[in-house]
**Student:** 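Next up is a structure, given as structure tokens.
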Amino acid sequence: MALTSSLAELVVLLVEPSQMQANLVTRMLEHQGVRRVTAVTSARAALAALNDPDPGQVVISSLYLPDMPGTELVMAMRAEPMLETIPFILVSSETRPQLLEPIRQSGACAIVAKPFTEQQLARALYAAVDNLNPPEELDVADIEALRVLVVDDSVASRHYLRRLLEELGISRITECANGREAVAVLQESLFDLVITDYNMPEMDGRELTEYIRTQSWQADVPVLMVTSEQNMGRLAAVERAGVSAICDKPFEASSVRTLINDALRS
């Protein structure tokens, strides 16, 4: 993993079909100290430019591109082992949840809403720096023995969470696509931590948390919810169900590492 300590060390690939918008973002990046910025106008041009990615590489992309949407670009990146760990920042005025959901589930490090300030862009860039840097070890004894259950219907999201856990030194990871699958696994195996999404088919994250707290023989296992759910009423119901902590998607890697550390230590 690349070790990047400042914005000046980032290598930004800007994917933006509008020349005016590309110039604006490039100036903002330069003001933040980013020295290496390459702009392309399409997703295919971006993938070609990423054929040999640089250390400290970050992609900043618009949602609407001439050949494919930014959602498909990030999924294409996540499908390539050489590109899957590159931080992806979406810049868009789109607000419809159904269109942004694939970006949230892909492990994107930030979504920056247009119009935005340099400070908002800088926050996204620092999230990218955080993703590029190796994490500090968890303050947990015998970390290699920890058993973690990851429950999410998004394959990309499960893969991203697995990578974060492995970077922390956790290797005993079990994956499930929904709460019902997780219940079957929990009946047979012991876990030290459950990380779950909220919105899933068959059984959602709230129902899974309620099952764990009221019916499972592992009622005290920490449950961390990593979700793009924005409905405050639903999130309140999850808290009442007994979830240990909630983290928004997209999330900063340091935030979920801290929550994992706190959950395991408790």
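When a residue number appears, it is its place in the shown sequence, counting from 1. Both backbone and side-chain heavy atoms feed into the values below; hydrogens, waters and symmetry mates do not.
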**Student:** Do Val150 and Leu165 have side-chain heavy atoms sitting under 4.5 Å apart?
**Tutor:** yes
**Student:** Linking I/L/V/M/F/W/Y whenever their side-chain heavy atoms sit closer than 4.5 Å, directly or via other members, would Met28 and Val11 fall into one cluster?
**Tutor:** no
**Student:** With heavy-atom distances below 4.5 Å as the criterion, would you say the side chains of Ile60 and Leu125 are in contact?
**Tutor:** yes
**Student:** Taking all non-hydrogen atoms of both residues into account, name the closest pair between Ala45 and Val40 and its distance.
**Tutor:** CB-CB, 3.9 Å
**Student:** Nearest 0.5 Å please: distance from the CG atom of Asp204 over to the CZ atom of Arg180.
**Tutor:** 11.0 Å
**Student:** If you count every heavy atom of other residues, nucleotides or ligands that lies below 6.0 Å from Arg147 atom CZ, does the total exceed 12?
**Tutor:** yes
**Student:** Measure the shortest side-chain to side-chain distance between Asp197 and Ser154 over non-hydrogen atoms and say whether it is less than 4.5 angstrom.
**Tutor:** no
**Student:** Given Glu94, which of Leu63, Ile103, Ile111 fulfils the side-chain contact (heavy atoms from CB on, under 4.5 Å) condition?
**Tutor:** Leu63
**Student:** CE of Met77 to CG of Leu50: how many Å apart, nearest 0.5 Å?
**Tutor:** 5.5 Å
**Student:** Is a side-chain donor or acceptor of Glu72 paired with a backbone partner of Pro69 at a separation under 3.5 angstrom?
**Tutor:** no
**Student:** How close do Ser42 and Asp67 get, heavy atom to heavy atom, and via which atoms?
**Tutor:** CB-OD2, 3.5 Å
**Student:** For the pair Glu118 (side chain) and Gln32 (backbone), establish whether a donor and an acceptor sit closer than 3.5 Å, ignoring hydrogens and angles.
**Tutor:** no
**Student:** Taking salt bridge (charged side-chain N to carboxylate O under 4.0 Å, His left out) as the definition, give me every residue that meets it alongside Arg162, ordered by chain and number, with sequence neighbours left out.
**Tutor:** Glu166, Glu175
**Student:** How close do Met200 and Asp153 get, counting heavy atoms only, and between which atoms?
**Tutor:** CG-OD1, 3.7 Å
**Student:** Same cluster or not: Val37 versus Val129, using hydrophobic residues (I, L, V, M, F, W, Y) connected whenever any side-chain heavy atoms lie under 4.5 Å apart?
**Tutor:** yes
**Student:** Tell me the closest heavy-atom pair linking Val148 and Phe191, and the distance in Å.
**Tutor:** C-CD2, 3.7 Å
**Student:** Examine Leu146 and Ile173 and state if one hydrophobic cluster contains both, with Ile, Leu, Val, Met, Phe, Trp and Tyr joined whenever side-chain heavy atoms are less than 4.5 Å apart.
**Tutor:** yes
**Student:** Decide side-chain contact (heavy atoms from CB on, under 4.5 Å) for Val34 and Val58; before the verdict, give the C-alpha distance in whole Å, the side-chain angles of both, and the deciding distance to 0.1 Å.
**Tutor:** CA-CA 11 Å; Val34 179; Val58 176; over 6 Å; no
**Student:** Show your working on side-chain contact (heavy atoms from CB on, under 4.5 Å) between Leu83 and Leu47 and close with a plain yes or no.
**Tutor:** CA-CA 9 Å; Leu83 307 180; Leu47 292 171; 4.3 Å; yes
**Student:** Can you tell me how far apart CG (Leu224) and CD1 (Ile195) are? Round to the nearest 0.5 Å.
**Tutor:** 5.5 Å
**Student:** Could you walk me through whether Val183 and Gln215 pass the side-chain contact (heavy atoms from CB on, under 4.5 Å) test, one step at a time?
**Tutor:** CA-CA 10 Å; Val183 166; Gln215 300 181 54; over 6 Å; no
**Student:** Got a second to check how far Asn178's CG is from Thr196's OG1, nearest 0.5 Å?
**Tutor:** 9.5 Å
**Student:** For the pair Asp130 (side chain) and Tyr126 (backbone), establish whether a donor and an acceptor sit closer than 3.5 Å, ignoring hydrogens and angles.
**Tutor:** no
**Student:** Using atom types as modelled and distance alone, determine if a side-chain donor or acceptor of Thr41 lies under 3.5 Å from a backbone N or O of Pro17.
**Tutor:** no
**Student:** Might you work through the side-chain contact (heavy atoms from CB on, under 4.5 Å) test for Gln218 and Ile212, ending with a clear yes or no?
**Tutor:** CA-CA 7 Å; Gln218 304 180 62; Ile212 291 172; 5.5 Å; no
**Student:** Would you indicate whether the side-chain heavy atoms of Pro87 and Leu132 approach each other to under 4.5 Å?
**Tutor:** yes
**Student:** Honestly curious: do Val15 and Met75 fall in one hydrophobic cluster under the side-chain, below-4.5 Å linking rule?
**Tutor:** yes
**Student:** Would you indicate whether Asn23, at its atom CG, is surrounded by more than 12 heavy atoms from other residues, nucleotides or ligands within a distance under 6.0 Å?
**Tutor:** yes
**Student:** When you compare the side chain of Val25 with that of Phe116, does any pair of heavy atoms fall below 4.5 Å?
**Tutor:** yes
**Student:** How long is the straight-line distance from CZ of Arg78 back to OG of Ser157, given to the nearest 0.5 Å?
**Tutor:** 11.0 Å
**Student:** Quick one: are Met225 and Thr209 in side-chain contact, heavy atoms under 4.5 Å?
**Tutor:** yes
**Student:** If you round to the nearest 0.5 Å, how far is NZ of Lys114 from CD of Gln120?
**Tutor:** 13.5 Å
**Student:** Could you pull out the closest heavy-atom pair between Leu149 and Cys176, with the gap in Å?
**Tutor:** CD1-SG, 3.8 Å
**Student:** Consider only side-chain heavy atoms of I, L, V, M, F, W and Y, link residues closer than 4.5 Å, and tell whether Tyr160 and Val155 are in one cluster.
**Tutor:** no
**Student:** A side-chain contact here means heavy atoms from C-beta on lying under 4.5 Å apart; do Arg36 and Asp54 qualify?
**Tutor:** yes
**Student:** Show the nearest heavy-atom pair for residues Pro222 and Asp192, with the distance to one decimal.
**Tutor:** CD-O, 3.2 Å
**Student:** Any side-chain heavy atom of Leu193 sitting closer than 4.5 Å to one from Ile170?
**Tutor:** no
